[in-house]
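One-based numbering along the sequence shown.
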Amino acid sequence: MSALGDKLAGWLGRGAAEDAARVEEAALRSDRFRLEREGDWKRLEQIVGQIERGRLKRLSDEDLLALPGLYRMTASALSIARETSLDQALIDWLETLTQRAWFAVYGPRAGLGRWLRSFLGGGWGRAVRSIGPDILIALLAMVVGTVVGWLLVSSNPDWFYALMPSGDERQPGASREVLERTLFGNAGQDGLSVFAAMLFSNNAQVSILAFALGFACGVPTLLLLVHNTAMLGALLWLYHGQGLTFELVGWLSVHGTTELFAILLAGAAGLHVGRAIAFPGNRALLDAAAEAGRRAALVMTGVVLMLIVAAMLEAFARQLLDATMPRLVVGAFMLVFWIGYLFVWRRGK
């Protein structure tokens with residue numbers, strides 16, 4: 001028994017010794033790996049720190065030229081450290097340094113203020129003009145939808161209930177007085193509550209969906225535009241029956257010229273992405289979709305601003321202006337402003 005015990009002890013002892021040797025070897029390998037490259041890592045950390053603190057002009061030309069190479073070397077070292085299971089603390093530090101260096105090398109070159117000036121100073125308009133064919137297609141779909149909505153309810157008023165939300169007093173058979181009451185006499189409403197409701201209204205959701213569904217070759221976007229403007233056609237038919245077409249157009253124009261313009265641009269942005277996916281041309285599909293997506297995203301940033309402006313107009317301007325002509329003036333002014341700003345005005349070449 002003692003001989004067997006001695007053998008077991010020897011085996012266990014050798015195993016423990018081997019484990020200790022492997023741990024020591026791994027530690028030495030990690031230290032050696034770090035010592036060979038630590039100088040470059042420290043230099044990269046110093047350069048990145050200067051850039052993060054906004055001291056780019058204090059960096060020497062040698063440091064700026066070395067930055068991309070140091071970043072790639074550090075990223076390669078991180079990959080090696082992960083594969084060889086080196087010290088976890090070293091891996092964590094390299095991951096953080098690599099992420100910071102990535103933003104220094106590939107991150108945006110302009111701050112928020114500079115980007116905003118560029119966006120409002122012509123960048124948004126250039127993006128909108130670059131999707132001109134898609135804007136024309138979206139506009140045609142919205143016109144067709146309005147006409148289809150009018151024709152459907154005029155042929156069968158039951159279509160009105162299928163197109164418009166239920167529970168509203170605006171429905172076939174309503175008297176002129178009831179319909180007129182929905183257009184005027186609302187100056188006492190709380191503007192802030194109307195503003196909040198407008199931000200989450202049907203048209204704001206349509207704008208977002210029209211863009212988001214564009215990836216399916218633009219087909220859902222077209223259907224959504226047609227359906228949404230069919231509601232407008234049904235509403236026009238209803239008020240036209242009571243001789244209130246002019247008043248309804250004035251009521252809608254205050255915020256509608258901005259809101260419908262935003263929907264038009266959102267639909268065009270979705271169509272632009274869908275058209276790039278359906279017809280990538282000589283480019284790879286992913287490259288075409290990525291390029292169209294960047295351009296469409298810039299347009300959608302402006303659409304969000306337009307929806308906010310539309311919400312403010314509906315919440316305050318339409319309540320303060322309780323007559324048709326002033327409403328038409330505001331609506332026409334906003335339409336001319338958006339067309340001029342996005343399609344006519346140029347800043348520089």
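Heavy atoms of other residues, nucleotides or ligands lying less than 6.0 angstrom from CH2 of W159 number 12 at most. By the 6.0 Å contact criterion, CD on E52 is enclosed, its count of non-hydrogen atoms from other residues, nucleotides or ligands being greater than 12. Heavy-atom contacts from other residues, nucleotides or ligands closer than 6.0 Å to CZ of R53 number more than 12. Counted within 6.0 Å of CZ on F333, heavy atoms from surrounding residues, nucleotides or ligands total 12 or fewer; the atom is thus considered open.
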ask   = Would L222 and I137 satisfy side-chain contact (heavy atoms from CB on, under 4.5 Å), going step by step from the backbone distance to the final call?
value = CA-CA 9 Å; L222 286 173; I137 296 172; 4.0 Å; yes
request  = Using the side-chain contact (heavy atoms from CB on, under 4.5 Å) rule, take E291 and R283 through it: C-alpha gap first, then chi angles, then the decisive distance, then the call.
outcome  = CA-CA 10 Å; E291 181 181 349; R283 298 168 297 176; 2.7 Å; yes
task = Go through the steps for Y239 and R170 under the test side-chain contact (heavy atoms from CB on, under 4.5 Å), then give the verdict.
result = CA-CA 9 Å; Y239 280 81; R170 299 174 297 182; 3.0 Å; yes
message = If you apply the rule side-chain contact (heavy atoms from CB on, under 4.5 Å), what do you find for F215 with T221, and how did you get there?
response = CA-CA 9 Å; F215 74 93; T221 297; over 6 Å; no
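Rounding to the nearest 0.5 Å places NZ of K42 at 14.0 Å from CG of L70. Here the straight-line distance linking atom CZ of R37 with atom OG of S76 works out to 8.0 Å at 0.5 Å rounding. Here the straight-line distance linking atom OG1 of T229 with atom CG of L235 works out to 12.5 Å at 0.5 Å rounding. Distance check, rounded to the nearest 0.5 Å: CG of L152 to CG of N156 gives 9.0 Å. With values rounded to the nearest 0.5 angstrom, N228 atom CG is found 10.0 Å from L209 atom CG. A distance of 10.5 Å separates CD1 in I47 from CD in E62, rounded to the nearest 0.5 Å.
Looking at heavy atoms from C-beta onward, L120 lies in side-chain contact with L305 at the 4.5 angstrom threshold. Side-chain contact check for E259 versus L313: every heavy-atom pair is 4.5 Å or farther apart. In this structure, F337 and T258 have side chains that are not in contact, with every pair of non-hydrogen atoms separated by 4.5 Å or more. Residues D63 and S60 meet the side-chain proximity criterion, which asks for heavy atoms closer than 4.5 Å. In this structure the side chain of R346 reaches within 4.5 angstrom of the side chain of R129, judged on heavy atoms. By the 4.5 Å heavy-atom criterion applied to side chains, L67 and I51 are counted as neighbours. The closest side-chain heavy-atom distance from W93 to W41 is below 4.5 Å. Between T74 and L78, the closest side-chain pair of non-hydrogen atoms is not below 4.5 Å.
The minimum heavy-atom distance linking F160 with L238 is given by the pair CZ-CD2, 3.7 Å. In terms of heavy atoms, T324 sits closest to F184 at OG1-CZ, 3.5 Å. The minimum heavy-atom distance between G218 and L271, with the atom names listed, is O-CD2, 3.5 Å. Of all the heavy atoms in M300 and S207, the pair that sits closest is CE-O, 4.0 Å. L328 and S253 make their closest contact through CA-OG, 3.6 Å (heavy atoms, listed as atom of the first residue, atom of the second, distance). Heavy-atom minimum distance, T257 versus G331: OG1-O, 3.1 Å.
With hydrophobic clusters built from ILVMFWY side chains whose heavy atoms lie under 4.5 angstrom apart, V219 does not share a cluster with L285. Under the 4.5 Å side-chain contact rule for hydrophobic residues, L264 and V144 share a cluster. Cluster annotation: V48 is connected to F103 through the hydrophobic network of ILVMFWY side chains, with a link wherever side-chain heavy atoms come within less than 4.5 Å. Both L342 and I339 are members of a single hydrophobic cluster when ILVMFWY side chains are connected at heavy-atom separations under 4.5 Å. Under a hydrophobic clustering in which Ile, Leu, Val, Met, Phe, Trp and Tyr are joined whenever their side-chain heavy atoms come within less than 4.5 Å, directly or via other members, W102 and M73 fall into the same cluster.
Taking the six-membered ring where the residue is Trp, W124 and F119 present parallel rings, their angle staying beneath 30° rather than reaching 60°. Note: W150 and H240 have tilted aromatic rings, judged against thresholds of 30 and 60 degrees for the angle between ring planes.
Side-chain atoms of Q242 come within 3.5 Å of backbone atoms of A174 as a donor-acceptor pair (strictly under, hydrogens ignored). Side chain of S79 to backbone of A75: no donor-acceptor contact under 3.5 angstrom is found.
Under 4.0 Å is where a charged nitrogen must lie from a carboxylate oxygen, and between R327 and E247 no such pair does. Ion pairing between R181 and E177 fails under the 4.0 Å rule for side-chain N and carboxylate O.
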